[in-house]
6 protein chains.
Amino acid sequence: MVYVTRREVFSASHRLYNDNLTAEENVTLYDKCSNPYGHGHNFILEVVVSGEIDRKSGYVIDLKILKKIIHENIIKKVDHRNLNHEVDFLTGIIPTAENICVAIWNELKNKIPMGKLYSVKICETENNYVEYKGE
Amino acid sequence: MVYVTRREVFSASHRLYNDNLTAEENVTLYDKCSNPYGHGHNFILEVVVSGEIDRKSGYVIDLKILKKIIHENIIKKVDHRNLNHEVDFLTGIIPTAENICVAIWNELKNKIPMGKLYSVKICETENNYVEYKGE
Amino acid sequence: MVYVTRREVFSASHRLYNDNLTAEENVTLYDKCSNPYGHGHNFILEVVVSGEIDRKSGYVIDLKILKKIIHENIIKKVDHRNLNHEVDFLTGIIPTAENICVAIWNELKNKIPMGKLYSVKICETENNYVEYKGE
Amino acid sequence: MVYVTRREVFSASHRLYNDNLTAEENVTLYDKCSNPYGHGHNFILEVVVSGEIDRKSGYVIDLKILKKIIHENIIKKVDHRNLNHEVDFLTGIIPTAENICVAIWNELKNKIPMGKLYSVKICETENNYVEYKGE
Amino acid sequence: MVYVTRREVFSASHRLYNDNLTAEENVTLYDKCSNPYGHGHNFILEVVVSGEIDRKSGYVIDLKILKKIIHENIIKKVDHRNLNHEVDFLTGIIPTAENICVAIWNELKNKIPMGKLYSVKICETENNYVEYKGE
Amino acid sequence: MVYVTRREVFSASHRLYNDNLTAEENVTLYDKCSNPYGHGHNFILEVVVSGEIDRKSGYVIDLKILKKIIHENIIKKVDHRNLNHEVDFLTGIIPTAENICVAIWNELKNKIPMGKLYSVKICETENNYVEYKGE
């Protein structure tokens, strides 16, 4: 069992706001992250696939293929986009790093042709990261 | 003459759009950066001050003081903000990295109490940076 | 189950020396790390909390809260300090990265209000790290 | 149980080519990685050892010793070398990151004097990593 | 005058060997860098263009355009290549980082449509860099 | 004219304290940096040498030689040391990053056999750097 990781970066804007709460409650909960005009990040995405090494190729999964899958399903939808308004797989979801991470897992989990999805990690800033393993 | 640098990070959203051009011209010029909902980055800001070393302190400028100046004049205005709509010193300016960099220079140039402002650098992504030296 | 990480940095000095050994044995064991005047590092601390995502907030734990807990319990005690002489939770402990890591775990494990402490990591240099998971 | 990591870097060249396939099949499989003249990377190697903290030293394993073991068994054989032609422990192996990682694990697993080998990670580029834990 | 930088990475192999010297002299001069099978690096390339900010776009040069120029003239020729045998603009040149840097400068200097080429930097490893400004 | 850089890291402790001031004045000036027990950093040192490329070698200066010069004159004196008490070339100097940087310049300026010393940079933390060019 070997774990292979592909790292990608996307630049997006978002706003943390729960429609079921009042404006004041949102400020209490999210502080400056609830600013009406939103803010943004260079989100770093790390996708890990685990599996056995294929004898013929020496790969668990060709990382060019994994890169393509991530681009087609995730990056082209989120890069230079607003995560509250423009991403099909985030509709109705408060775009915290945690929720983005789980949503990306759900988008990718059935699309890995060799090995299987092991984890998805999102680094929102240099100091804040989240990771999900489907548990 | 010694050069001292303070590095800060802020997370903001922006949209590149020139109001004097048509929507089509904006797309031609800015591509996905002109997306109406905007996008965002973790902008890295590096402020360099040059000067002689003070005998008493061994500092060109105390970096705690430089940090405070940058926070009061720049970071608290741009962090978790939208650079098109919410920043006084960016009003009427297309917020490209180049224009942000020059605008920050102009905000800081007369506020450095020891030494003088030497350069302002903005890293918009891992691969794209701009620097201005007041020339 | 999602894993969220907060990264902090502190600058401290320390000396590796076991009082139960002779000076010569300490040199044999710790080499230049046992130098009487001590040395120092920018220690990178990564604290990971695991838990379920809260429906209301979309967070496992608000990282602003986790940051505050780490600052009050750890950073304000160790930053710009000597780890042999000035830190209550390191009294009587040889401040190797391993021992610092376990001591920080013990300080934090009962202070996480949402989710639970999953791991503590200390990077002493670019090339040397340790991690503890309470096992 | 504490996990300690030593990070090393080596610069090497390699070519991905399976002798059991035709030249065309190799190009289909490996694309530019099968270029006859080869290419190269600064490979980052992270070796993790797990174990209990020794009372006397406060170490799981002295990282100076782990560094020496990695240098003698791995780095001096691979640094500034061609991984297809010059490395005894890679003879007959297609030098994908996956295969290099497993081969390094096999070289090191019986040579760790304290604690035991927990994982070996290879970062081939900023965006592509592999990890093996002996599973 | 603003300085804009585009950063790219390419993975290549090379061997340092001066055909006018004996094999022994090459070993004395280049040590392990003269190993007959070659070695490789992830070379980081930073290209800086200086110029005034265009009023209409807010750019010195659109970094998407600069990226394309660097890819067409440099990256597609050097990435996953051997720098001794496969790169037209390095023919007959000992591929030290210094010589690569000057050769890339010469390839790019007349191809920058807005502003002008200010510097080319090559990072061969984490610890070794070279920069050329056409002086 | 090409600029070549060698990067090194050393781990040291220091205390900022001016003996000509009172204890209170030192606290006012240096705050936690004047803590009597000292603190420490992983100092990153970047030494830049400028010169023409030697025809025979393709080098400005062999970076293996520059590394050796930096190690013999600087690193072996400062690594795992206290900068207030143990370093000959820092005797009587308040070890601010600025003063360390100038002192290292003075140690190295006459010891570069090819090209000449262009700059010395010290990164004390991720956010604070100083640079000196002998001006």
Side-chain angles (χ1 to χ4, degrees), chain A residues 6-17 23 26-46 71-72 74-91 93-97 100 121-130, chain B residues 6-17 23 26-46 71-72 74-91 93-97 100 121-130:
Chain A
R6 177 68 193 177
R7 176 183 177 276
E8 298 286 341
V9 184
F10 61 93
S11 297
S13 58
H14 69 160
R15 180 199 185 191
L16 302 188
Y17 196 87
N26 272 289
V27 170
T28 302
L29 180 56
Y30 294 122
D31 194 43
K32 60 187 179 181
C33 294
S34 67
N35 162 28
Y37 287 98
H39 63 283
H41 302 285
N42 300 320
F43 292 88
I44 298 171
L45 168 63
E46 292 184 350
H71 271 261
E72 289 187 357
I74 309 296
I75 301 299
K76 79 174 186 188
K77 294 181 176 181
V78 294
D79 189 36
H80 284 75
R81 293 290 169 186
N82 179 297
L83 305 181
N84 299 71
H85 297 299
E86 299 186 282
V87 181
D88 57 2
F89 66 78
L90 293 172
T91 302
I93 291 173
I94 304 169
T96 59
I100 297 167
K121 187 174 186 178
I122 291 276
C123 301
E124 199 171 68
T125 68
E126 292 175 351
N127 300 320
N128 294 350
Y129 336 136
V130 306
Chain B
R6 178 69 194 175
R7 177 183 177 276
E8 299 286 342
V9 183
F10 61 92
S11 296
S13 58
H14 69 161
R15 181 200 185 190
L16 303 187
Y17 196 87
N26 272 289
V27 170
T28 303
L29 181 55
Y30 294 121
D31 196 40
K32 60 187 179 181
C33 294
S34 68
N35 162 28
Y37 287 98
H39 63 284
H41 302 284
N42 300 320
F43 291 88
I44 298 171
L45 168 63
E46 292 184 350
H71 271 260
E72 288 187 358
I74 309 298
I75 300 300
K76 78 174 187 188
K77 294 181 177 180
V78 295
D79 188 36
H80 284 75
R81 293 290 169 187
N82 179 296
L83 305 181
N84 298 71
H85 298 299
E86 298 187 282
V87 182
D88 58 1
F89 66 78
L90 293 173
T91 303
I93 292 172
I94 304 168
T96 59
I100 298 167
K121 187 174 187 178
I122 291 277
C123 301
E124 200 171 67
T125 68
E126 291 176 351
N127 300 320
N128 293 350
Y129 335 135
V130 307

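Note that the structure is predicted; figures quoted are calculated from it, not measured. Numbered from 1 within each chain, the chains take letters A, B, ... in sequence-line order.
To the nearest 0.5 Å, atoms OG (A/Ser34) and NE2 (B/His80) are separated by 10.0 Å.
Considering all non-hydrogen atoms of both residues, B/Asn35 and A/Arg81 come closest at ND2-CA, 3.5 Å. Here the closest non-hydrogen pair linking A/Ser13 and B/Gly38 is OG-O, 3.3 Å. Nearest approach of A/Gly40 to B/Ser11, heavy atoms of both residues: O-CB, 3.2 Å.
Residues of residues 82-91 of chain A lying under 4.5 angstrom from chain B, judged on non-hydrogen atoms, are A/Asn82, A/His85, A/Glu86 by number.
Looking at B/Asn42, its side chain does come within 3.5 Å of a backbone N or O of A/Glu124 through a donor-acceptor pair.
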